[in-house]
A.B. asks: 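Okay, here's the structure, questions in a sec.
Please read these numbers as outputs of a predicted model, since none were measured by experiment. Numbered from 1 within each chain, the chains take letters A, B, ... in sequence-line order. Only heavy atoms go into these numbers, but all of them, side chains included; no hydrogens, no water, no symmetry mates.
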Protein chains: 4
Amino acid sequence: MRDQMKRAKKAPAPRRRDAEQSRQLILQAALEEFSTYGHSGARVERIAVNAGVSKPLLYDYFGDKDAVYAAALKEAYVQIRQGELQLDLDTLSPEEAIRALVQFTMRHFREKPWFIRMLNTENLLGGTTIREISDAKGVQSVLVERLRSVLTRGANAGVFRAGVDPIEFYVFVASLCYFPVSNIHTLRAVFDLPMDIAWLDRRADEAADMLLLYLRA
Amino acid sequence: MRDQMKRAKKAPAPRRRDAEQSRQLILQAALEEFSTYGHSGARVERIAVNAGVSKPLLYDYFGDKDAVYAAALKEAYVQIRQGELQLDLDTLSPEEAIRALVQFTMRHFREKPWFIRMLNTENLLGGTTIREISDAKGVQSVLVERLRSVLTRGANAGVFRAGVDPIEFYVFVASLCYFPVSNIHTLRAVFDLPMDIAWLDRRADEAADMLLLYLRA
Amino acid sequence: MRDQMKRAKKAPAPRRRDAEQSRQLILQAALEEFSTYGHSGARVERIAVNAGVSKPLLYDYFGDKDAVYAAALKEAYVQIRQGELQLDLDTLSPEEAIRALVQFTMRHFREKPWFIRMLNTENLLGGTTIREISDAKGVQSVLVERLRSVLTRGANAGVFRAGVDPIEFYVFVASLCYFPVSNIHTLRAVFDLPMDIAWLDRRADEAADMLLLYLRA
Amino acid sequence: MRDQMKRAKKAPAPRRRDAEQSRQLILQAALEEFSTYGHSGARVERIAVNAGVSKPLLYDYFGDKDAVYAAALKEAYVQIRQGELQLDLDTLSPEEAIRALVQFTMRHFREKPWFIRMLNTENLLGGTTIREISDAKGVQSVLVERLRSVLTRGANAGVFRAGVDPIEFYVFVASLCYFPVSNIHTLRAVFDLPMDIAWLDRRADEAADMLLLYLRA
DNA sequence: AATGAATGAGTTTTCATTCAT
DNA sequence: TATGAATGAAAACTCATTCAT
């Protein structure tokens with residue numbers, strides 16, 4: 001009878017879910033913490049509190065602060081890639097597809113600012129962590145693959161010139177969207193422009209114009 | 001004989017008891033420290049040691065770590081602007097000038113990596129410090145002014161279309177040069193490209209091509 | 001056998017991992033430290049060592065040095081009031097009660113020198129801390145209330161004149177007991193008198209004589 | 001001619017005065033600093049700034065912080081004794097003289113608060129410094145001597161009882177005036193009385209009443 | 001699986017004091 | 001006589017990490 005009660009208390013299924021959920025809560029809190037304060041500025045204590053767990057639990061799951069950071073960085077890529085899956089370029093004309101890609105990228109960076117902040121943090125650290133994340137290369141942005149097919153479609157249709165490397169072109173797209181979002185604070189301080197969301201979206205439009213001129217056959 | 005006197009009079013390396021020089025040494029060490037480790041990761045102790053002074057002296061001159069950071073950020077802008085003065089666009093044709101500007105910007109970012117790193121650090125902090133540096137707006141990049149005159153020359157000569165805002169165009173230039181340098185570590189980890197100096201310079205060339213297409217009348 | 005189990009179960013001296021006890025140990029050590037060295041002279045490190053805890057624990061519980069000081073000041077009042085509860089004046093005649101009060105006060109000051117020293121420290125600081133301790137007024141010495149009833153009894157019995165304010169009279173009592181204890185060191189240095197415990201007790205007797213003359217109807 | 005100019009510049013007399021004046025300025029600043037912040041809380045830097053001299057000069061004159069403290073403590077006694085010289089009791093009747101002494105003492109403590117604060121500071125330190133000031137005993141308050149003659153006059157006139165020790169009586173006077181001034185901050189925090197200057201003066205009057213009852217034949 | 005209690009090893013900051021002129 | 005420049009030693013305070021239950 002006692003045993004029964006014990007079992008009733010420690011039902012295996014919900015416990016396991018709790019553990020997995022705790023991990024996820026920690027990961028989310030870590031993502032916010034590291035992207036807000038950077039690697040050194042992040043506080044393990046705050047991560048635990050915001051995740052609603054105790055510090056020893058966090059250490060049990062991840063090992064140490066650096067491991068939490070690595071997991072958060074990986075999580076950042078995972079989440080951003082999940083978002084990218086929602087973009088469908090195949091149903092658009094090559095030119096519309098390019099414009100859609102640029103607009104999407106700008107909105108993506110704008111709406112998930114923690115991603116840019118994690119990249120900045122990681123680059124300040126010299127990229128040591130991302131290099132150690134095993135499958136990094138495998139997770140290469142799906143956008144590049146979709147972009148490759150758009151460029152091919154455009155070249156076949158004779159509207160784009162051939163021979164444009166999709167990775168290098170994607171670097172152009174990313175550059176034009178990344179910088180105005182990433183550096184919004186210093187830009188605002190130095191230039192007298194109203195750098196708000198509308199401005200960013202207009203930048204994306206202009207960038208798309210320019211990129212299309214560059215691609216034109 | 002002369003050499004001997006010179007040596008006797010001023011030992012070359014440790015010219016001590018010179019307040020202005022000490023300040024400058026601290027500033028330089030701080031610039032390196034903050035751009036290498038970020039705001040939280042920077043260590044006042046290391047700054048002092050690398051400047052060859054004691055910590056109390058540093059505190060005497062600047063007040064606290066944040067004040068040293070603010071001074072280093074300002075110094076970053078001062079030094080980068082000094083470098084920009086060396087670029088002469090007036091003797092070039094408008095089209096050559098644009099290309100030169102892009103190449104210069106890329107080289108500038110590449111060769112003074114502490115500048116990009118300071119900007120990243122400051123943007124991670126939310127730009128609170130640069131907003132407090134009084135004359136930030138006044139120190140607006142000279143490049144923008146030079147660019148303005150190039151665009152005007154080009155428009156007058158009929159080779160560029162009119163109405164291109166120099167600030168917004170400069171944001172394009174900066175974006176295309178900033179991102180590949182700033183994010184070199186994460187790019188390398190994710191893409192299978194040999195991202196070295198030569199690659200960066202080729203990127204600048206391609207970017208110049210694209211920007212000129214965008215400007216063309 | 002029992003003894004053995006007892007010992008095995010709880011080692012007597014270092015009962016660790018008891019938050020409330022740790023707090024109390026810190027408080028006691030702080031009281032001693034601040035009353036010995038004053039506010040600026042007190043060392044957080046010494047408090048921690050004497051409490052048998054680490055500095056971080058102390059900071060965890062109290063926040064900063066000033067907060068420890070405030071808690072110690074409050075503790076001083078708490079402990080002194082606890083001592084005052086042991087004085088019973090109701091069973092004595094009014095005149096005996098006054099004499100007992102004076103003797104008790106003198107002994108109290110003499111035997112709990114940290115109290116006077118805390119008051120001196122706090123008054124040197126301008127009383128900013130005690131003003132912030134919320135219930136300070138509420139903890140007003142019980143002695144005043146007991147004194148009030150003694151004065152009333154004496155007036156009703158016709159041995160004391162009426163209309164003597166108990167607070168102001170208590171200030172007389174405290175003055176006459178406080179000064180010789182508080183200033184014993186400077187008094188010794190300036191006057192050629194053997195200022196020892198016996199002297200203090202004789203002072204209390206004389207003071208009681210004087211106070212009774214003052215109260216006499 | 002040159003020599004003459006030199007001599008004119010370094011006139012000996014005013015230089016010497018400057019040195020003595022600097023010493024005095026330091027002493028005054030030290031008195032204020034130590035009585036305001038206590039021994040540990042006092043800052044050598046502030047003393048130098050407030051005295052209008054450099055720190056090395058201060059060290060040159062006094063040696064170290066403790067020596068400055070000792071000098072300031074001595075100066076406190078010197079200045080307070082100078083004030084006491086202004087009190088003339090010989091022209092008053094014994095009873096009036098006692099009342100005048102009490103009022104004077106209260107006013108003295110009230111108007112020179114740095115004296116009480118220095119005494120508190122020194123007593124917190126255990127009186128080690130005053131013991132080392134050589135002529136401390138010699139500088140014993142003149143008030144005691146004047147009081148002695150008043151008590152004798154009163155005894156001879158039959159208005160005071162004989163055998164009252166002037167030192168011990170003076171301790172009564174000092175106690176009654178010292179405590180309400182010294183402890184004004186904690187008293188205010190604990191008791192609901194308007195403890196202002198008028199209150200202090202009324203306390204002195206009541207104290208004089210009581211002391212006279214005690215002296216009466 | 002989970003956590004309240006606790007700390008070693010730093011990190012920033014302060015301060016009495018000295019150096020060099 | 002006088003001081004701006006400089007610092008060793010120590011103080012307050014923090015933070016990643018572990019202990020004991």
A.B. asks: Check every strand shown and say whether D/Phe62 touches a base, only sugar-phosphate, or nothing at a heavy-atom separation below 4.0 Å.
C.D. replies: nothing

A.B. asks: Rounded to whole angstroms, how far apart are CG on D/Leu57 and P on F/dT3?
C.D. replies: 6 Å

A.B. asks: Given atom CD of C/Gln21 and atom C1' of E/dA6, what is their separation to the nearest angstrom?
C.D. replies: 14 Å

A.B. asks: Check D/Tyr37 against D/Ala42 and note the closest heavy-atom contact, atom names and distance.
C.D. replies: CB-N, 3.6 Å

A.B. asks: Judged by modelled atom types alone, do C/Gln24 and C/Gln28 share a side-chain donor-acceptor pair under 3.5 Å?
C.D. replies: no

A.B. asks: Within the pair B/Tyr61 and F/dA5, is there a side-chain N or O less than 4.0 Å away from OP1 or OP2?
C.D. replies: no

A.B. asks: So how far is it from A/Leu73 CG to A/Ile133 CD1, rounded to the nearest 0.5 Å?
C.D. replies: 4.5 Å

A.B. asks: Atom CG of C/Leu58 and atom P of F/dA11: how far apart are they, to the nearest Å?
C.D. replies: 15 Å

A.B. asks: In chain order, what residues pass the ring-ring contact (aromatic ring centres under 6.0 Å, His included) check against A/Phe115, with sequence neighbours excluded?
C.D. replies: A/Tyr77

A.B. asks: Please give, in whole Å, the distance from E/dT12 C1' to B/Arg46 CZ?
C.D. replies: 14 Å

A.B. asks: Show me the donor-acceptor pairs, under 3.5 Å and distance only, between side chains in residues 117-130 of chain B and residues at least two apart or in other chains.
C.D. replies:
from: B/Arg117; atom 1: NE; to: B/Ser35; atom 2: O; distance (Å): 2.5
from: B/Arg117; atom 1: NH2; to: A/Leu124; atom 2: O; distance (Å): 2.6
from: B/Arg117; atom 1: NH2; to: B/Ser35; atom 2: O; distance (Å): 3.4
from: B/Arg117; atom 1: NH2; to: B/Thr36; atom 2: O; distance (Å): 3.2
from: B/Asn120; atom 1: OD1; to: B/Tyr178; atom 2: OH; distance (Å): 2.8
from: B/Asn120; atom 1: ND2; to: B/Ser182; atom 2: OG; distance (Å): 3.2
from: B/Thr121; atom 1: OG1; to: B/Arg117; atom 2: O; distance (Å): 2.9
from: B/Glu122; atom 1: OE1; to: B/Tyr69; atom 2: OH; distance (Å): 2.6
from: B/Glu122; atom 1: OE2; to: B/Thr129; atom 2: N; distance (Å): 3.0
from: B/Glu122; atom 1: OE2; to: B/Ile130; atom 2: N; distance (Å): 2.7
from: B/Asn123; atom 1: OD1; to: A/His185; atom 2: N; distance (Å): 3.2
from: B/Asn123; atom 1: OD1; to: A/Thr186; atom 2: N; distance (Å): 3.1
from: B/Asn123; atom 1: ND2; to: A/Thr186; atom 2: OG1; distance (Å): 3.0
from: B/Asn123; atom 1: ND2; to: B/Leu119; atom 2: O; distance (Å): 2.9

A.B. asks: Could you pull out the closest heavy-atom pair between B/Ala76 and B/Leu31, with the gap in Å?
C.D. replies: CB-CD1, 3.7 Å

A.B. asks: Between A/Glu33 (side chain only) and A/Arg43 (backbone N and O only), is there a donor and an acceptor less than 3.5 Å apart?
C.D. replies: yes

A.B. asks: Looking only at heavy atoms, what is the nearest atom pair of D/Gly41 and C/Ser40, with distance?
C.D. replies: CA-OG, 3.3 Å

A.B. asks: Between P on E/dT7 and CD1 on C/Ile47, what's the gap in Å once rounded to a whole number?
C.D. replies: 15 Å

A.B. asks: Run the numbers on B/Val68 and B/Val44 for side chain to side chain contact (heavy atoms under 4.5 Å, CB included), then give the verdict.
C.D. replies: CA-CA 9 Å; B/Val68 181; B/Val44 173; over 6 Å; no

A.B. asks: So does C/Ser22 get a side-chain nitrogen or oxygen closer than 4.0 Å to the phosphate oxygens (OP1/OP2) of E/dA6?
C.D. replies: yes

A.B. asks: Could you work out how much the helix from E/dA2-F/dT21 to E/dT21-F/dA2 bends, comparing the axis of its first five pairs with that of its last five, to 10°?
C.D. replies: 30°

A.B. asks: Any idea which heavy atoms bring B/Ala72 and B/Leu27 closest together, and the distance?
C.D. replies: N-CD1, 4.2 Å

A.B. asks: For residues 23-37 of chain A, which residues have at least one heavy atom under 4.0 Å from DNA chain F?
C.D. replies: none

A.B. asks: If a protein heavy atom is under 4.0 Å from the base, mark B; if only from the sugar-phosphate, S; if neither, -; do that for nucleotides 16-21 of chain F going 5' to 3'.
C.D. replies: SBBBS-

A.B. asks: Output every pair passing side chain to side chain donor-acceptor pair (under 3.5 Å) with a member in residues 52-68 of chain C, not counting sequence neighbours, ordered by first then second residue.
C.D. replies: C/His39-C/Asp66

